[in-house]
*Asks:* 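Before anything else, here's the structure in question.
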Number of protein chains: 2
Amino acid sequence: MAAPRLGKVQLQIMQVLWQSGGATARHITDELSKTSPIAHSTVQTLLRKLEAKGAVTHEIVERTFVFRPLYQESEVTETVTRDLLTRIFGGSVYGMVAHLLKSESVSPDELRRLRTLIDKEGKK
Amino acid sequence: MAAPRLGKVQLQIMQVLWQSGGATARHITDELSKTSPIAHSTVQTLLRKLEAKGAVTHEIVERTFVFRPLYQESEVTETVTRDLLTRIFGGSVYGMVAHLLKSESVSPDELRRLRTLIDKEGKK
DNA sequence: GGGGTCGATCTACCGCAGTAGACGAAAGTA
DNA sequence: TACTTTCGTCTACTGCGGTAGATCGACCCC
């Protein structure tokens, strides 16, 4: 099992791929440029680096590379979340949730859904 | 207010400082070496880098540097947690907590305490 | 006083993310 | 056919975290 360390932009690229299932470098550049401009060659470089570490693969469709994610979203979410949980909160889920409730504004509706979630979890 | 990005070892150094209030480089080296060996000069280099970005300061006590943290623990916790929340969970506290409950094993006792916490939060 | 110890500094290197220009090939277009 | 666009590759550089050896100065002990 890989413990994939992804940079900030690399993660954004993966997110575009997860969302679309597969995309050309051009599509990714366009998507990322919506929020902040980035050179096409930068995206291509990062895609090659991602491929080098096994995060993505590509196939050629009409002379153009179509990239597909190899890392699963759940896998990456897992890794980075557990990493934070361990390093910052000493592994305490309670500590982490407590911090979230204290420092982030959570709507009453979200709180309700959280309570439901926890109840369901307790019944398992 | 700084939103400082700290590396892995840099964070460990800060944690030693938060725990002790203030410490010499030697003390930090010893503490960190308990888990994995690290050269004293590495710690010193990182301390200088941390000082350069305003994360720590030092005073001289009997010809030895005693370092003190300038970044507050809460501040760093805040920054990195919100960073993850935003980048991975699109800002959804619910999404993040749901992931934690699903992928981390949470004891019944912890679940109870979490429910209590949420109830308290709902009453505010 | 001379050698060992300890602290701080200097310097240098590696790895990786991010950045992007330059270049060449191919394909469409006027 | 010649121009333009698009794509992928090559190359290179910056910044930063992490790594640590080499060195210098001060202090302590015999």
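To find a chain, count down the sequence lines: A is the first, B the second, and so on, and within it residues start at 1.
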*Asks:* If you take any heavy atom closer than 4.0 Å to DNA chain D, which residues from residues 8-32 of chain B end up in contact?
*Replies:* B/K8, B/V9, B/Q10
*Asks:* Can you check whether A/R63 has a side-chain N or O nearer than 4.0 Å to OP1 or OP2 of C/dA27?
*Replies:* yes
*Asks:* So, does B/T81 use its side chain to make a donor-acceptor pair with the main chain of B/E78 at under 3.5 Å?
*Replies:* no
*Asks:* Please output the side-chain donor-acceptor pairs of residues 7-15 of chain B that fall under 3.5 Å, not counting sequence neighbours, one pair per line with the distance.
*Replies:*
| from | atom 1 | to | atom 2 | distance (Å) |
| --- | --- | --- | --- | --- |
| B/Q10 | OE1 | B/G7 | N | 3.1 |
| B/Q10 | OE1 | B/K53 | NZ | 3.1 |
| B/Q15 | NE2 | A/R87 | O | 2.8 |

*Asks:* Does a side-chain N or O of B/T42 approach OP1 or OP2 of D/dA20 to a distance below 4.0 Å, or not?
*Replies:* yes
*Asks:* Ignoring hydrogens and angles, does a donor from either the side chain of A/T45 or the base of C/dA20 sit under 3.5 Å from an acceptor on the other?
*Replies:* yes
*Asks:* Are the side chains of B/K120 and A/L101 in contact, using a 4.5 Å heavy-atom criterion?
*Replies:* no
*Asks:* Determine the contact category for A/T64: base if any of its heavy atoms lies under 4.0 Å from a base atom, sugar-phosphate if only primed atoms, P, OP1 or OP2 are that close, otherwise nothing.
*Replies:* sugar-phosphate
*Asks:* Ignoring backbone atoms, establish whether A/K53 has a side-chain N or O less than 4.0 Å from OP1 or OP2 of C/dA17.
*Replies:* yes
*Asks:* Taking B/R82 for its side chain and A/S103 for its backbone only, find out whether a donor-acceptor pair lies under 3.5 Å.
*Replies:* yes
*Asks:* For the residue pair B/H99 and B/F89, does the interplanar ring angle fall in the parallel (under 30°), tilted (30 to 60°) or perpendicular (over 60°) class?
*Replies:* tilted
*Asks:* Looking at every strand, decide which applies to B/L6 at a 4.0 Å heavy-atom threshold: base, sugar-phosphate, or nothing.
*Replies:* nothing
*Asks:* What I'd like to find out is whether the side chain of B/V66 reaches to under 4.5 Å of the side chain of B/H58, using heavy atoms alone.
*Replies:* no
